[in-house]
Amino acid sequence: MTTPAATDTTKAKSLKDTLNLPQTQFSMRANAAQKEPECQQQWEKASVYAQAQARRAHSDKGFYTLHDGPPYLSAPTIHIGHALNKILKDFVTRYQYQRGFASPYVPGYDGHGLPIENAVVKSLKGGRHSVTPAELRKLCRDFGAKNEAGQRSQFERLGVWGNWEQPYRTTDAAFEAEQIRVFGQLYANGYVYRGLKPVYWCSHCETALADAEVEYDTHTSDSIYVAFKVLEPPVATSSVDQDLRNVLKTWDETSFVIWTTTPWTLPANLALCFNWEIDYGIYQTTAHGKLVLAVDLVKDFSEKTGIECSLLKTFRAKTLESAVINHPFLDRKSAFLFGDHVTTDAGTGVVHTAPGHGMDDYLVCLNHDHEHPNSKLGILSPLNNKGVFNDDCGVPELVGIHYSKANDVVIDILKQKNALLGHQKFEHSYPHCWRCHNPVIYRATDQWFVSMDNNALRKEAMTAIDTVQWIPERGKTRISTMVSNRTDWCISRQRVWGVPIPMLYDAATGDVVFDADVIAHIANLFEVHTSDIWWGWSTDQLLDGLPAEVKTRIGLPARTLVQEMDIMDVWFDSGITHTAVVNARKEELGGLPVALYLEGSDQHRGWFQSSLLTSVMHNGKAPYQRVLTHGFVLDGNGRKMSKSVGNVVDPNKIMSQYGADVLRLWVASVDYTNDVRISDTIISQMVEAYKKIRNTLRFLMSNLYDFDPAQHSVATDRLDLLDRYTLHRLAEVTSTLTEAFDTFAFHKYVPTLQNFCVVDLSQLYLDVTKDILYTYPANHPERRATQTVLFTLLKTLVPMLVPVLPHLAEDIWQHLPEHQRWSDATSGVLLDGPQAKPVLNVNDQEHFRELLELKESVNSLLEVCRKGGQIGSPSETSVWIQALHPEKVSEVEKRLMKKLLLVSDLVYSQNGPPAAVLASQNEELYVLPAAGTKCPRCWKHIDFDASTSDSHPCEAVVSKADLLAAVEVSA
RNA sequence: GGGCCAUUAGCUCAGUUGGCUAGAGCGCACCCCUGAUAAGGGUGAGGUCCGGUGUUCAAGUCACCGAUGGCCCA
């Protein structure tokens, strides 16, 4: 024998060349960091999104529009919450496209507002007043544009498709113009009013703040108890109890006790507030005369002030209603009021009431004024925009002093008047400005409001809420509660970076001058020049182009008009996108109401609500048919992410490391109806899932290299039970995922798809059919049948990938030869959704599961043999099944079972096994060493004496003699 | 301080109207294969279902109390 090693290798190699081994150019690894951006460039170059819109331009199904909530342009980078939001949106638009709808997506950006203005002001060396408002606005615009560019590229990197070339911006001229048209109409219809009202006010930023712009933090305040002297006793009525009269004989020594943590608001005190239901007591003290306060709080009072109180008499506040009370240091009466907000949780049960500095105070006084029009209290708010006292405070020492420094002055005065009963420092949760983090105050100022109750807005909004599908359902409760409890919407801000409130005043009287034609005129100017001209042009310039009769109507030129310089709340900007975007781009977006708004759950009080209210006012209905909310992204331990803790997960980092598809797969694995988590562990799990899916698809493709569906497909009724079972499972997966996406249950995607790839394909179908694919003659019916199944799998799975893994779907599509493409789509992401029909009846399913159970039993036995070192692969064994009626097992079934088991032989017999047994179970299932000779080509053990090309397909490819020669050599 | 939501194996999720010896996939451990190979197959170990108290023949599932986390409001 010559150089046996060399001969051996050659022979083996030549036999291997006769196999149909898988072939593909499709790489096993995604190399996503490099390939995804290339893929995205291709999409852009080929205008794939535009192609999608064109394909659905005349769809019978019409529109399924998801209207984008505009992210705020405060930063050039996106965070993981943005990624979750945009990816969920992309699932919807891509899926609905696949279902046949026109599902356009026009991304938006929210560019006005306080945070941007503050950021820009901060960057100015000379501060806010070193530039003109017009200049400041230019800087804000540039700042937003820069951030938009950054956000856009990162959003696109996520693989989100949409009209990125023509997004909408709340800062666009046409948007601004439409916004003041909406405002004008709302004003004309009586929804908008101007009024004095306490609002959260930041004296540092010199602006009113929305509730959403206030955050709570601990703050140490001066906590004081103050005596309010009773000037005149209550008018005696029958209800006044005789004992109490006796107690109250000397009125000049009696005071009501209040508690406050804002001493500086005392100059604005106009009333004291009591609760009907609380028991009050009158107490004798040694140094402070008689004091009146709630019985439940007297102990607390004594502990904090050291003032001993001995009870003289208890009563309800109604008894003293007509008492005349004096302000502790001003020559002014304080009214006696009742309010439900007065409690015995803290304080004294008597509440200092300054309607200019508190919401409850304001409401209770407003109510009083409504009921007593002849003795109105009005509102006193003696601070200017900077929080400095003016003359209205009535205290000369305070004029010119910032409120935060006024407490000491007020406390000194109280001491002088002997009205201070106690003083401590008090730490509590207190509202702060969300931008500058300074404490904020309530301050009554002139503001513009949307009234919740004019024209029954609140009621109409509640009705509209009922017409909407809220996902998850609890969202409905949440927004209903908010809408039914909210106060009037303050829409004015004392800032420059925003859309102006387009109103004019008579310079002499201060009266509002409104005319619809003026608004229309200004809107038209904005449409050309943007709202910048409100600051850049003079009032005369702005009004110059008005028709003569309109000028006359508004009193020009006889009187001088001045502009309102407040801007609108940014929530008003984004709140009217339904009109300024959806309606304005009706051809593209299909008009109102849109199918879906999809945002984080914080938007119940933000965009969902501002959109609802403005839409109800302007359009008479909700702007959306459905609202989907998702939770927040937390770290792996369920904690909020924060820079200081260092647990922030950056989506850009994930994408540069693993690709957008992995990030998207994460989104398709978590239950967004609650808060979701992300961590390295979680991401690496997604990396594994991605690999499995990719590799499974790669296996399908590589084994179809010589398959032409037009020529080689085998009819379903000629497929065996394993084939049909696999197709049946495919249909089940398809319908599960279709239903999941129809109901927005995206988190079913990963488990369903992964389970199918792992269990049904990798472990079962692909493993079992591998030998057939490789070793059978290329045109063998069973091989072509298997390839038919593989092709069906491919054809169904690729569309299934599209909404979640568009880059992978595209990668596959681009690797398919023309004859294997089932669609004329130039891009994989343009494919229609998957279609698959169940092919097995219940009996067949049941029967096949029995076969799988048998396979499991055999596997257990084989494992015993493997662990014992007796065998390696199943082909080294044959299985012997002892059955009562072996003749009832058909040849077809035997063949199928042998295929499933991957063993060299399978025997059904009434008798026990003749040969030495490797392992057995229940005296009916035996594993034996395989008989015959290991075929060097297919590695199964073959009885070459008895074999034919039918029982041993290798012999149809290579002659028995050559096979045996190879056996000799390798032996 | 008030309201709402969540809490099932290391991870992500299933667990219909109370009947479970609590499931899946991944991950992990061990074994095999080397013709899906930076792949593939097999077997297996992991859970006082956040804690407590009730209701019930029976509770992961219902009620109450509490813990932790999250959101909203004050």
Side-chain angles (χ1 to χ4, degrees), chain A residues 12 15-17 19-24 26-29 211-212 214 216 341 343 345-346 359-360 428-431 472 474-475 477-479 481-482 485-486 600-602 604-606 629 631-640 665-666 668-671 673-689 691-692 694-703 745 747-759 761-764 766-768 770-771 773-775 855-856 858-869 871-876 902 937-939:
Chain A
L15 273 184
K16 188 167 171 177
D17 289 343
L19 296 171
N20 311 300
L21 292 179
Q23 297 173 22
T24 181
F26 182 77
S27 67
M28 193 149 131
R29 290 161 65 87
D211 290 352
V214 165
Y216 285 79
H341 65 287
T343 66
D345 292 345
M359 191 51 72
D360 287 331
H428 59 147
S429 172
Y430 189 86
R474 74 182 94 104
T477 317
R478 196 155 165 191
I479 194 153
T481 311
M482 284 179 177
N485 294 334
R486 73 162 296 158
S601 58
D602 55 335
H604 284 110
R605 77 167 181 188
T629 52
F632 286 75
V633 185
L634 308 175
D635 76 2
N637 297 315
R639 306 290 167 123
K640 195 195 292 205
L665 205 56
W666 165 72
S669 75
V670 292
D671 180 4
T673 61
N674 269 301
D675 290 342
V676 300
R677 298 180 181 198
I678 195 164
S679 66
D680 289 347
T681 314
I682 293 168
I683 286 300
S684 64
Q685 190 176 203
M686 287 307 123
V687 171
E688 293 305 316
K691 283 185 188 167
K692 188 69 189 185
R694 185 182 178 91
N695 237 325
T696 304
L697 271 299
R698 179 173 183 265
F699 186 85
L700 301 180
M701 293 163 78
S702 63
N703 282 292
H747 71 286
K748 289 185 182 167
Y749 186 83
V750 170
T752 305
L753 187 59
Q754 186 176 224
N755 202 72
F756 183 62
C757 288
V758 169
V759 178
L761 299 185
S762 204
Q763 292 177 2
L764 181 65
L766 305 183
D767 195 42
V768 160
K770 228 187 299 191
D771 288 343
L773 291 167
Y774 298 169
T775 67
K855 179 173 161 73
E856 277 186 43
V858 170
N859 278 342
S860 294
L861 293 180
L862 291 176
E863 181 64 13
V864 172
C865 303
R866 239 190 322 264
K867 284 259 155 99
I871 63 157
S873 87
S875 62
E876 293 168 37
L902 294 164
R937 186 171 177 279
C938 70
W939 300 341

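The structure presented is a predicted model; accordingly, all values stated were derived computationally and were not measured. Throughout, a chain's letter reflects where its sequence line sits, starting with A, and its residues are numbered from 1.
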(request) State which of B:U43, B:A39, B:U12 makes the closest approach to the side chain of A:Asn859. (result) B:U43
(message) By the 4.0 Å heavy-atom rule, please label A:Thr477 as base, sugar-phosphate, or nothing.
(response) nothing
(message) My understanding is that a pair needs two contacts under 3.5 Å, Watson-Crick or G-U wobble. By that rule, which nucleotide pairs with B:C64?
(response) B:G52
(request) Answer with base, sugar-phosphate or nothing: what part of the nucleic acid does A:Arg486 contact at a heavy-atom distance below 4.0 Å? (result) nothing
(request) Could you measure between the two C1' atoms, the one in B:G47 and the one in B:C28, and give it in whole Å? (result) 16 Å
(message) What contact category does A:Asn703 fall into here, base, sugar-phosphate, or nothing, at under 4.0 angstrom with non-hydrogen atoms?
(response) nothing
(message) Roughly how many Å apart are B:G23 and B:U16, using the C1' atom of each and rounding to a whole number?
(response) 15 Å
(message) Applying the Watson-Crick and G-U wobble criteria at under 3.5 Å, what pairs with B:C71? Answer none if nothing qualifies.
(response) B:G3
(request) Would you indicate what A:Met686 reaches in the nucleic acid, counting non-hydrogen atoms under 4.0 angstrom: base, sugar-phosphate, or nothing? (result) nothing
(request) Just call it for A:Lys640: base, sugar-phosphate, or nothing, with non-hydrogen atoms closer than 4.0 Å on any strand. (result) sugar-phosphate
Atom pairs under 3.5 Å, N or O on each side, protein against nucleotides 32-34 of chain B: can you list them with distances?
residue, atom, partner, partner atom, Å
B:C32, O2', A:Gly872, O, 2.8

(message) In this structure, how many angstroms lie between the C1' atom of B:G25 and the CG atom of A:Leu665, rounded?
(response) 13 Å
(request) Please state whether the phosphate of B:A38, meaning OP1 or OP2, lies under 4.0 angstrom from any side-chain nitrogen or oxygen of A:Arg29. (result) no
(request) Check every strand shown and say whether A:Ser684 touches a base, only sugar-phosphate, or nothing at a heavy-atom separation below 4.0 Å. (result) nothing
(request) Rounded to the nearest angstrom, tell me the gap between atom NZ in A:Lys867 and atom C1' in B:G42. (result) 9 Å
(message) Applying a 4.0 Å non-hydrogen cut-off, can you work out what A:Leu19 is touching in the nucleic acid: base, sugar-phosphate, or nothing?
(response) base
(message) If you compare every side-chain N and O of A:Tyr774 against the phosphate oxygens of B:A36 (OP1, OP2), does one of them come in below 4.0 Å?
(response) yes
(message) What's the gap between B:C31 and B:U12 when it is taken at their C1' atoms, as a whole Å value?
(response) 28 Å
(message) Strictly below 4.0 Å: does A:Lys691 bring a side-chain N or O up to OP1 or OP2 of B:C26?
(response) no
(message) I want to verify a distance call: between B:G35, B:A24, B:A39, whose nearest atom is closest to the A:Asn695 side chain?
(response) B:A39
(request) Go through B:A38, B:C71, B:G25 for me and flag the one nearest to the A:Ser601 side chain. (result) B:C71
(message) What is the distance, to the nearest angstrom, from the CD atom on A:Gln754 to the C1' atom on B:C26?
(response) 5 Å
(message) Does A:Val759 reach a base, just sugar-phosphate, or nothing at all? Heavy atoms under 4.0 Å.
(response) sugar-phosphate
(message) Would you say A:His747 places a side-chain N or O within less than 4.0 Å of OP1 or OP2 belonging to B:A14?
(response) yes
(message) Let's test your reading of the model: under 3.5 Å, does the base of B:A36 pair with the side chain of A:Ser762 as donor and acceptor?
(response) yes
(request) May I ask you to say what A:Asp767 touches in the nucleic acid, namely base, sugar-phosphate or nothing, with a heavy-atom cut-off under 4.0 Å? (result) sugar-phosphate
(request) Between B:C4 and B:C65, how far apart are the P atoms? Round to whole Å, please. (result) 11 Å
(request) Taking syn as within 90° of 0 and anti otherwise, name the glycosidic form of B:G18. (result) anti
(message) Can you identify which nucleotide, out of B:G69, B:C30, B:U12, has its nearest atom closest to the A:Arg639 side chain?
(response) B:G69
(message) How many whole angstroms separate atom CG of A:Leu753 from atom C1' of B:C26?
(response) 13 Å
(request) For B:C26 and B:A39, measure between their P atoms and round to the nearest Å. (result) 15 Å
(message) Heavy-atom nearest nucleotide on RNA chain B for A:Met482 versus A:Leu761: which residue maps closer to 5'?
(response) A:Leu761
(message) My understanding is that only residues two or more places apart in sequence, or in another chain, count here; which of them pass side chain to side chain contact (heavy atoms under 4.5 Å, CB included) with A:Ser669?
(response) A:Trp666, A:Met686, A:Val750
(request) Describe the nucleic acid contact of A:Ser669 in one word from base, sugar-phosphate, nothing, applying a heavy-atom distance below 4.0 Å. (result) sugar-phosphate
N/O-N/O pairs, protein side and nucleotides 3-5 of chain B side, under 3.5 Å:
residue, atom, partner, partner atom, Å
B:C5, O2', A:Asn674, OD1, 2.9

(message) When both hydrogen-bonding distances must be under 3.5 Å and the geometry is Watson-Crick or G-U wobble, what is B:C33 paired with, if anything?
(response) none
(message) I'd like to know if A:Gln763 reaches the base of B:G25 with its side chain, counting only an N/O donor and acceptor under 3.5 Å.
(response) no
(request) Find the distance A:Asp671:CG to B:C11:C1' and express it as a whole number of Å. (result) 15 Å
(message) Can you tell me the base-pairing partner of B:G46? Count Watson-Crick or G-U wobble geometry only, both distances below 3.5 Å, and say none if there is no partner.
(response) none
(request) Could you check how far CD of A:Gln685 sits from P of B:C28, rounded to whole Å? (result) 11 Å
(request) Between B:U37, B:G40, B:G35, spot the one nearest the side chain of A:Lys692, thanks. (result) B:G40
(message) If I compare all heavy atoms of A:Ile871 with all of A:Leu862, which pair ends up nearest, and what's the gap?
(response) CD1-O, 3.8 Å
